[in-house]
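Only heavy atoms go into these numbers, but all of them, side chains included; no hydrogens, no water, no symmetry mates.
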Amino acid sequence: MKKKIAFILILAMVAVIVVYKFKTKKQNVVVDNYVPYTVATADVREIIDTTGEVSALNRVEIKPSVAGRVDTLLVNEGDTVKKGQVLAYLSSSDRVAILDAVRANPKENLKNWEDTYKATPVISPMNGKIILRNVVEGQTISTSDVLYALADELIVVASVDEADIGKIKNGQKATITLDAYKNVPINGTVFQILEEGKNVSNVITYYVKIRPENTPDFFKSLMTANIDIIVTEKENTVVIPWDSFSEDENGKTYVFVGDNMQKQKRFIETGILDGDNIEVVSGLSAGDEILVKQDAYNISTTKQTSKGFLSMQPGKRKTNKEILGEKK
């Protein structure tokens, strides 16, 4: 009997809650909360963030002057060579035929024939580094085959969007980070902006050449690079958080001053915008206090249309356990 009465009481309570939910109107009011922020000074800089790749400033492909066979390779990929240095020796097709015939005749003196018909040397046309070796010793080649690729200097070529290319100037500083060596930033300088752009998916891209201050040994052609080109920078200037200002219908920039109850607009002139801060050219000084909006939060307002035991003060309402534990 007691369990039956307790069960009925629980059902009644659930029914009252359902009725209360339907008869109660809720409204969510979004409230903007502002907190004071003291204006300070800091360094700011405007950066164009882009990507590119390691490339040779001048890349030369070395091809044989005669068709024939590769006798000897004297250098390998990664070697630094000088202009005029012998890179390899080749045998022309005629020399190959003669020497092969001599080798087939044990009575002939191979050394005499080799001295009579000299091998053709391959000479380096400039100072640089071997970035490609495309053949092996004993390989038959034609005059169109590439033996080596030689680079005089490794640089970085950055891709810059048409909207940003007007900000790029020779002499601007840049920071280069390779995907393969993300923890080793390399300083560089813009030294050439190519005249002809390229249409990639209806977006015009221009190429900018950047010379590293010191080319590290781990630089390799075609490595992917992330590049920050510093357009302009200022030290120890007045700044505020980038999200603390707004624009009115006339495009004038302002911040709020005062407090939450009485906010007032103060118009300012802004300058360099970086990822975190914006420079204030006029209108604010270091030490001034402005209002910065925090994340908005919701206040739920309830219009109560029914009364009953649900309107009792918290703490006075009995729990289900207390109801079930009561003795009749």
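- Between V255 and S244 the shortest heavy-atom distance is CG1-O, 3.7 Å.
- Taking 4.5 Å as the limit, some side-chain heavy atom of Y148 sits within range of a side-chain heavy atom of V75.
- A 4.5 Å side-chain heavy-atom check between V54 and F218 finds every atom pair outside the cut-off.
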### Query
Given F256 and K265, is the side-chain contact (heavy atoms from CB on, under 4.5 Å) satisfied, shown in steps?
CA-CA 5 Å; F256 282 121; K265 290 182 181 180; 3.8 Å; yes
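- Between Y207 and S159, some side-chain heavy-atom pair lies under the 4.5 Å cut-off.
- Y34 and V292 end up in different hydrophobic clusters when Ile, Leu, Val, Met, Phe, Trp and Tyr side chains are linked at under 4.5 Å.
- Considering only heavy atoms from C-beta on, V231 stays 4.5 Å or farther from I47 through its side chain.
- Under the 4.5 Å side-chain heavy-atom criterion for ILVMFWY residues, no single connected hydrophobic cluster contains both V239 and L291.
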### Task
Quick one: do D71 and S91 satisfy side chain to side chain donor-acceptor pair (under 3.5 Å)? Show the steps, please.
CA-CA 6 Å; D71 282 348; S91 286; 2.3 Å; yes
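- Classification of R95 and D100 as a salt-bridged pair fails, no side-chain N sitting under 4.0 Å from a carboxylate O.
- Here the two rings, on Y254 and F245, have centers that are 6.0 Å apart or farther.
- In this structure, CD in Q264 is found 14.0 Å from CD1 in I290, a value given to the nearest 0.5 Å.
- Between I240 and the choices L284, D288, N277, the side chain to side chain contact (heavy atoms under 4.5 Å, CB included) rule is met once, by L284.
- When every heavy atom of I229 is checked against every heavy atom of V160, the shortest pair comes out as CD1-CG2, 4.4 Å.
- Note on M126: it clusters hydrophobically with V122, by side-chain heavy-atom contacts below 4.5 Å among ILVMFWY residues.
- Using modelled atom types and a 3.5 Å distance limit, the side chains of D145 and N134 yield no donor-acceptor pair.
- Atom OH of Y117 has 12 or fewer heavy atoms from other residues, nucleotides or ligands within 6.0 Å.
- Using a 4.5 Å cut-off on side-chain heavy atoms (C-beta onward), V136 and V70 make no contact.
- One finds the CD1 atom of I210 at 9.0 Å from the OG1 atom of T189 (value rounded to the nearest 0.5 Å).
- Of the inter-residue distances, the one linking S124 atom OG with K82 atom NZ reads 10.0 Å to the nearest 0.5 angstrom.
- A 4.5 Å side-chain heavy-atom check between I165 and V208 finds at least one atom pair inside the cut-off.
- A salt bridge links K234 to E279: one of the charged nitrogens lies within less than 4.0 Å of a carboxylate oxygen.
- In this structure, I186 and P216 approach most closely via the heavy-atom pair CD1-CG, 3.9 Å.
- Using modelled atom types, one finds a donor on one side chain and an acceptor on the other under 3.5 Å when comparing T41 with N236.
- Residues in residues 196-206 take part in no side-chain hydrogen bond (donor to acceptor under 3.5 Å, both in side chains) pair, two or more places apart or across chains.
- In this structure, the side chains of L154 and L57 stay at 4.5 Å or more apart for every pair of heavy atoms.
- Note that CD1 of I130 is 7.0 Å distant from CG of D79, once rounded to the nearest 0.5 Å.
- K209 forms no cation-pi arrangement with F191, by the criterion of a distance under 6.0 Å to the ring centre and an angle within 45° of the ring axis.
- For N76, the CG atom is densely surrounded, since the number of other residues' heavy atoms within 6.0 Å is greater than 12.
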### Task
Verify side-chain contact (heavy atoms from CB on, under 4.5 Å) between L73 and R133, making sure each step is shown before the conclusion.
CA-CA 9 Å; L73 296 173; R133 193 199 73 178; 3.9 Å; yes
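- Applying the side chain to side chain donor-acceptor pair (under 3.5 Å) test to N112 and every residue at least two apart in sequence or in another chain returns nothing.
- Using a cut-off of 4.0 Å between Lys/Arg side-chain N and Asp/Glu carboxylate O, E46 and K167 are scored as salt-bridged.
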### Task
Evaluate the side-chain contact (heavy atoms from CB on, under 4.5 Å) criterion for residues I193 and N170: first the C-alpha distance (whole Å), next the side-chain angles of each, then the deciding distance (0.1 Å), finally the verdict.
CA-CA 7 Å; I193 304 167; N170 287 339; 3.9 Å; yes
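- At least one side-chain heavy atom of E77 sits less than 4.5 Å from a side-chain heavy atom of L132.
- Ion pairing of R211 with E153 is present here, as a side-chain N (NZ or NE/NH1/NH2) and a carboxylate O approach within less than 4.0 Å.
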